[in-house]
*Asks:* 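Dropping the structure in here first, questions after.
For this chain, numbers begin at 1 and follow the sequence in order.
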Amino acid sequence: MPIKYRLASLMDLMSYEQQFAFVEAFQDAYGVNISAASKKEFLNATVHHGLYTGSGDPLSAHSLNPNDDSRVLMQVNAITDTIEPQGTDAAGGEVKSQLIFEAKKAKGGWTKSQVDDLDYGACGIKVIYQKKNEYQCGDAPNDLIGIYDIQFEYCNTKKYSLKKQFESITTVPIDFVDKKVKPSTSGSSVSYPPQSIVKPCPPDQFLCGFQIGYCGYEENEDSCQINKQPGCNGNEEDNAGIFAMTAYCKKLGEECSGSPKLFDHCHHDHGGGCYVEAVRRKHYKYLDAKDASIGHDYIISGASTRFDQEEDRFFFADDHAGISAFKLHYTEAKISQTGNGPTAKIITYSDIWKGKPLKPNAHFATLIRKDIAPNTDERSMYPFNTTFNGKEFDSSENNMYFTVTDDVNSNGVLAVMNFGALSLDLLGISRLHSFSFLTVDTLRRYGRAFRSGVVSHLGLMLNAEGRDEFDVSKDKDGFILQFVNPNPAYQTEPTVVAFPNWFSIHAAYFPNNAQDVTFEIGGISTTGFELKHGPSSLDRSYIGFNFLVIGDDMPTENIKHGIIADCFSPSALSTKHGIKIVTCQSIQPTDPSLPAHMAVYIEFDSPFVDIPSVIATPYNSGLAQMGIPRCMVESITKVSTVVKCLDVKTKTDIPFTIVAVGKTD
């Protein structure tokens, strides 16, 4: 068969670094300067950066210039959980259960009702109850049977108007409602027909919890025993079961506490119909909704009950105890937040830039909450809080950025996950905040003044420069990095910024919670530094790090940096290169229940041509193992930035390191 050949330039066979070295060697060997007409490369082509929306759209002006070699474009990807978790049903969602109430002597077997489509959650309730009999036995009070059947209505989490009609939870014995009442020798008896009441949740809300009133088999003065009555043969009957129920509703992502109640204003049996309270039951107990509710990321998908009947006593009719146990089944809400676009388990951003090598290099990102420009209203909002449906809520464990890498020899990509309120175990791309991005491969072009590294979860330095420049060891708290041949390496402590790198893309080994990707820089000295991480929820930790070390002899024309600790402790190590602190301001949030927090106003010594990328890293708080130290950028301009860093668990302000990267005139 014919063979086709294509001529190729030697450059086609070279990597970007080899091309760069070849051109420089050519110029040196022949004494020519073939690039004299071009402008000097920004930071010697070691840095690529920009600001981006949560959808990956570039915000930096230089990112729109195809001739700017420092620009980065983002390709957004969604990685979903493709592994069926243990304990799931056929629909693939993990079903959890919570026992709400069980009488001590409950005898009946469990009956379970489970919605067949886990895109549906309980959004309405039907309660069926009945007075049993009224005995004219001396001064004996009315005998009320209480609630004996509960039914749920289910609504679709993606389209609320799609509903499944009421499905019964309780299997009621056939003879229960039609039971013939035995006549009393001491008086007459009256049968009461069953009654029911239906209560739907408000639009776009789902059932989330219950307040339960019940009587149990407890032989003490606080029990629900019927008092001895003259002429009734001294009979004592133990009535067990649910006789009162108040239901709570909530919007998905909100807490159940304080949510709208169903049956909120019903009392006793005066026409409200939500519960029946026997007069004789002078002692009873309530289980409050806070103890009988599900979390903000869950929907009720069904319930189980036990139904008991007592044996005949003397000439009285059977004493039907009714529902003697109640258990909720719930699952994580599998929804797409309305109007938020695609959803996924984890969102990744593949960075694309000219000459990008297929080898590990360091990525960094920092959250920019809401507006990039200064905003006085946003300034008083508590760090990491955000708004949803017009309500401010705690988002301190959401928008957790890290690098994710599928193996130790490949280049990772930026990733973001939600773990806290409104996470819904999914991410809406258009609801994600903007962020600063920086990728660095220093290529030994600045010596020890400017060098980067990538260290794997195994403690192995992955980039060639890093292997020559750093010695790595590990302990239970993280990584210890020493500069090779320090002598010392720096006259003063360098600035270090870091970023977590997760070395697994297998769905079963994604981070489970915020602490899995929690990190901070430990102590920094002229001979080395520490990288601390939180405790792992998995059988082993898959966290490694990207880091950048900047010495005091690095020119600050296009990269400004420092260690910011003096706002928090005047005696702590602080360095500033190309920056100065204008003020450390204590800000009281709009919510008076939250403590004041620190906002650090930083000014650059010379203005950038465009909005710079600002990376901030928690530093030396000592809270990585027990808390969740985090940094966010409140605003960025060409001449200044505002940074807030704190441990979101203890609400403690913490020091940080910072680097701002961009072009100047």
Side-chain angles (χ1 to χ4, degrees), residues 15-17 46 346 348 350-351 356-365 401-415 438-448 450-486 489 494 496-512 515-525 527-550 615 617 624-625 657:
S15 68
Y16 180 74
E17 292 87 344
T46 61
I346 177 173
T348 64
S350 298
D351 52 302
K356 179 181 177 180
L358 298 176
K359 66 174 188 178
N361 56 56
H363 290 117
F364 306 89
Y401 291 93
F402 55 95
T403 299
V404 62
T405 305
D406 61 355
D407 66 69
V408 296
N409 297 311
S410 66
N411 199 344
V413 296
L414 179 66
L438 172 66
T439 180
V440 182
D441 190 354
T442 53
L443 303 172
R444 298 188 177 90
R445 290 181 183 163
Y446 291 95
R448 293 187 174 180
F450 189 59
R451 49 186 176 167
S452 60
V454 180
V455 58
S456 79
H457 62 303
L458 302 174
L460 177 67
M461 289 299 307
L462 301 182
N463 59 326
E465 178 186 9
R467 294 188 182 188
D468 295 338
E469 299 287 343
F470 304 97
D471 286 333
V472 182
S473 60
K474 292 184 66 176
D475 61 19
K476 64 180 179 63
D477 297 332
F479 299 78
I480 303 165
L481 290 97
Q482 296 292 324
F483 305 131
V484 175
N485 300 320
V496 180
V497 292
F499 195 64
N501 195 332
W502 193 263
F503 284 86
S504 174
I505 63 168
H506 197 281
Y509 303 107
F510 281 164
N512 285 325
Q515 282 200 308
D516 279 343
V517 289
T518 291
F519 75 102
E520 71 172 0
I521 299 168
I524 300 175
S525 71
T527 60
F529 59 96
E530 297 173 320
L531 299 172
K532 305 288 190 180
H533 59 72
S536 176
S537 67
L538 303 173
D539 57 347
R540 62 173 302 174
S541 177
Y542 291 87
I543 194 170
F545 286 96
N546 309 325
F547 61 86
L548 176 64
V549 181
I550 311 171
I615 305 298
T617 302
Q625 281 293 308
T657 61

*Asks:* Which residues pass the salt bridge (charged side-chain N to carboxylate O under 4.0 Å, His left out) test with Arg444, not counting sequence neighbours?
*Replies:* Asp468

*Asks:* Look at the side chain of Asn501 and the backbone N and O of Gly412, then say whether any donor-acceptor pair between them is shorter than 3.5 Å.
*Replies:* no

*Asks:* Evaluate the side-chain proximity of Phe499 to Leu438: yes if any heavy-atom separation is below 4.5 Å, no if none is.
*Replies:* no

*Asks:* Within the distance-only criterion (no hydrogens, no angle test), does the side chain of Ser452 pair as donor or acceptor with the backbone N or O of Phe547 below 3.5 angstrom?
*Replies:* no

*Asks:* Look at the side chain of Asn463 and the backbone N and O of Pro360, then say whether any donor-acceptor pair between them is shorter than 3.5 Å.
*Replies:* no

*Asks:* Listed by chain and number, what are the salt bridge (charged side-chain N to carboxylate O under 4.0 Å, His left out) partners of Asp516, not counting sequence neighbours?
*Replies:* none

*Asks:* Quick one: list whatever passes side-chain contact (heavy atoms from CB on, under 4.5 Å) with Glu469, sequence neighbours left out.
*Replies:* Arg448, Arg451, Glu465

*Asks:* Which residues satisfy the side-chain contact (heavy atoms from CB on, under 4.5 Å) test with Ser350, sequence neighbours excluded?
*Replies:* Gln75, Asn77, Val413

*Asks:* Measure the OG1-CD1 distance between Thr657 and Ile615 for me, rounded to the nearest 0.5 Å.
*Replies:* 10.0 Å

*Asks:* Output all residues satisfying side-chain contact (heavy atoms from CB on, under 4.5 Å) with Asp477, sequence neighbours left out; order by chain, then residue number.
*Replies:* Asp475, Lys532, Gln625

*Asks:* Does any N or O in the side chain of Ser541 come within less than 3.5 Å of the main-chain N or O of Ser536, such that one atom is a donor and the other an acceptor?
*Replies:* no

*Asks:* So, for Pro535 and Ala624, which heavy atoms are closest and what is the spacing to 0.1 Å?
*Replies:* CD-O, 4.0 Å

*Asks:* Looking at Lys356 and Asn411, what are the two nearest heavy atoms and their distance?
*Replies:* CE-ND2, 3.0 Å

*Asks:* For the backbone of His457 and the side chain of Lys474, can you confirm whether one donor and one acceptor N or O come within less than 3.5 Å of each other?
*Replies:* yes

*Asks:* Ring centroids only, cut at 6.0 angstrom: are Phe402 and Phe519 within range, meaning strictly under it?
*Replies:* no

*Asks:* State which residues pass side-chain contact (heavy atoms from CB on, under 4.5 Å) with Val472; sequence neighbours excluded, sorted by chain then number.
*Replies:* Val455, Met461, Phe479, Leu481

*Asks:* Please name the pair of heavy atoms, one in Trp502 and one in Val517, separated by the smallest distance, quoted to 0.1 Å.
*Replies:* CE3-CG1, 4.0 Å

*Asks:* Could you tell me whether the side chain of Asn546 and the main chain of His363 form a donor-acceptor pair under 3.5 Å?
*Replies:* yes

